[in-house]
There are 2 protein chains.
Amino acid sequence: MPVQTNQSLSVDCAVFGFDGESLKALLIERPTYNALDRLKLPGSMILENETLPEAAYRVLEEATGLRKRDLYLKQMEIFSDPNRVSGDELEWINRKHGIRTVRVVTVGFYALLKLDRRTTDYTSSKGARWVTVDVIQRLAMDHKEILSTALGHLCREMQQSPVAFELLPKKFTIRALQRLFEAALGIEIDNRNFRKKMLSSGFLHATGEKEQGVAHKPAEYYTFDRSAYRRAVKDKLRMNWV
Amino acid sequence: MPVQTNQSLSVDCAVFGFDGESLKALLIERPTYNALDRLKLPGSMILENETLPEAAYRVLEEATGLRKRDLYLKQMEIFSDPNRVSGDELEWINRKHGIRTVRVVTVGFYALLKLDRRTTDYTSSKGARWVTVDVIQRLAMDHKEILSTALGHLCREMQQSPVAFELLPKKFTIRALQRLFEAALGIEIDNRNFRKKMLSSGFLHATGEKEQGVAHKPAEYYTFDRSAYRRAVKDKLRMNWV
DNA sequence: TTTTGTTTGTGTACGTTATACGCTAACAAA
DNA sequence: TTTGTTAGCGTATAACGTACACAAACAAAA
């Protein structure tokens with residue numbers, strides 16, 4: 001078998017946001033397509049002299065209006081099935097870019113951002129939609145598979161490092177933090193033990209501000225103390241599989 | 001900037017083995033090169049109609065004689081610096097394959113295998129060398145970076161899942177298991193607590209066989225009970241960053 | 001034959017962390 | 001005033017991590 005030539009490399013990003021209740025993914029709508037293939041993940045071909053992370057940040061800025069410093073980006077895996085893009089989709093790509101590629105290998109990224117009014121306004125002006133992840137049934141090409149993979153990566157990483165805070169506003173209640181874990185991991189957590197664990201970590205900083213206008217005891221707002229976390233870098237040996 | 005064309009995709013594999021004392025990586029020797037660029041990781045261009053994992057398994061079988069079922073393979077990250085391969089190295093590749101690529105993006109894999117006599121015989125007949133990882137100073141192109149990245153992935157994964165057993169023979173002593181953790185993670189572990197932890201997991205099965213001819217109390221051989229591990233799939237919520 | 005060095009393997013003690021759950025406080029809305 | 005809801009504190013107990021004492025088993029040296 002000869003060495004593959006005339007191939008293209010692309011990036012596709014699963015972009016996650018959290019609205020306080022459920023985990024959402026950002027989907028791009030392609031109006032000319034039929035219902036089944038209408039929605040896809042934000043993505044792009046890689047350009048000359050551009051690394052993959054650079055391409056991903058370019059895609060994300062175009063889709064969300066947010067720049068590198070407001071995004072958490074992580075490379076996950078590569079989707080290299082020789083036929084993952086073929087037929088109409090391959091033609092669409094070749095026509096769009098004026099190239100003649102026979103194969104598109106894509107690198108999956110996932111991104112986390114803080115969903116606020118400005119961002120949702122921007123995305124909807126671009127014809128993109130935030131969809132609750134558990135109701136997403138099907139996407140164009142193999143993008144559903146990429147999204148599922150990203151969700152798996154997110155769940156694992158949320159338990160290994162404090163990425164959850166990338167999805168929350170600067171100030172958040174412990175309730176919001178808990179709901180995020182519950183929504184992403186699909187579990188229920190005891191509020192009292194969760195609160196105890198989070199506060200005892202020393203990474204949460206009480207702001208003194210409280211919720212207003214809620215029909216229950218108002219909760220205090222906290223911020224994530226990143227420098228305290230870094231100071232406590234735990235290089236403890238923990239065999240988490242035992 | 002135009003879409004990148006004339007690019008190539010390759011796989012490079014960091015292959016790890018353990019000889020009971022130290023962690024080794026498999027390096028390919030290129031006789032015609034000078035000392036600095038002489039050693040590289042096993043790797044290859046991707047062929048037509050071949051996925052990346054398929055390409056990696058092909059490379060590994062060529063380098064070690066081992067097939068898919070005897071290897072543990074994992075994709076890690078992608079190295080996409082536009083200039084990671086240029087000049088002489090790029091010419092070498094183009095000449096070797098009769099192509100005219102301007103850019104080579106590589107996907108880093110790491111592989112684990114059980115180092116035995118048969119495998120070392122095979123690799124040395126292929127002009128490859130097993131080198132203790134901490135003495136590797138420099139490799140061709142960016143392969144040193146790929147190897148370091150792989151080592152990081154291995155260390156992390158060894159603490160998250162029982163991959164250590166992929167590096168040990170079917171029957172091993174607890175001492176060997178401990179030495180592997182010590183060598184890979186660069187730490188010292190209390191033998192008594194380590195033994196307790198491992199045995200209490202229920203994943204080790206005592207064979208009844210003992211070491212022979214050793215100048216100390218002979219240790220029992222154990223096997224890893226993979227099915228017991230799978231049965232105990234711990235989907236426990238553990239926030240390891242707290 | 002005895003001693004020495006080395007590693008296996010058992011056991012104990014103690015502090016930390018996880019988990020289950022009772023209870024009061026504070027708010028809006030009924 | 002009552003009701004529903006969530007915040008936030010506390011307590012008991014089991015599970016786990018860590019430090020370390022010590023006997024047993026072997027080969028090789030004395």
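Order of the sequence lines sets the chain letters (A, B, ...), proteins ahead of strands, with each chain counted from 1. All values below were derived from every heavy atom in this structure, side-chain atoms included, with hydrogens, water molecules and symmetry-related copies excluded. Keep in mind the model is a prediction, meaning the values are calculated, not measured.
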- Ignoring hydrogens and angles, state whether a donor on the side chain of S227(B) or D225(B) is under 3.5 Å from an acceptor on the partner side chain. yes
- Query: Just how far, in rounded Å, is C1' of dT7(C) from CZ of F172(B)?
  - Reply: 18 Å
- Any ion pair linking E166(A) and R226(A) (charged N to carboxylate O, less than 4.0 Å)? yes
- Note on the structure: Closest to the 5' end of DNA chain C, once N193(B) and Q178(B) are matched to their nearest nucleotides, is Q178(B)
- Considering only heavy atoms and no angle criterion, is a donor-acceptor pair shorter than 3.5 Å present between the side chain of K196(B) and the base of dT12(C)? yes
- Task: Look at the aromatic rings of W241(B) and F203(A) and report parallel, tilted or perpendicular, splitting at 30° and 60°.
- Result: parallel
- Between dC20(D) atom P and R195(B) atom CZ, what is the distance in whole Å? 19 Å
- How close or far is atom C1' of dT10(C) from atom CD of E220(B), stated in whole angstroms? 14 Å
- Just how far, in rounded Å, is P of dG9(C) from CE of M198(B)? 15 Å
- Note on the structure: Sorted by position of nearest nucleotide on DNA chain C, 5' first, the leading residue of I174(B) and V214(A) is I174(B)
- Task: Mind calculating the distance between CG (D190(A)) and C1' (dG10(D)) to the nearest angstrom?
- Result: 13 Å
- Note on the structure: Closest to the 5' end of DNA chain D, once G213(B) and K210(A) are matched to their nearest nucleotides, is K210(A)
- Presence of salt bridge, D19(A) and K24(A), under 4.0 angstrom: yes
- Message: A side-chain contact here means heavy atoms from C-beta on lying under 4.5 Å apart; do N191(B) and R175(B) qualify?
- Response: yes
- Spell out yes or no: do the side chain of R192(A) and the base of dG8(D) have one donor N/O and one acceptor N/O closer than 3.5 Å? no
- Report yes if the side chains of H153(B) and E77(B) come closer than 4.5 Å at any heavy-atom pair, otherwise no. yes
- Measure the distance from CG on N191(A) to C1' on dC9(D) and round it to the nearest whole Å. 12 Å
Show each protein N/O and nucleotides 1-5 of chain C N/O combination with a separation under 3.5 Å, one pair to a line.
unit_1	atom_1	unit_2	atom_2	d
dG5(C)	N2	A215(B)	O	2.7

- Touch class at under 4.0 angstrom, heavy-atom based, for E211(A) against every strand present: nothing
- Query: Whole Å only: how far is the CD atom of Q212(A) from the P atom of dA7(D)?
  - Reply: 16 Å
- Item | Ring centre gap for F165(A) and F172(A) strictly below 6.0 Å | yes
- Could you state the atom-to-atom distance from CD of E188(B) to P of dC20(D) in whole Å? 14 Å
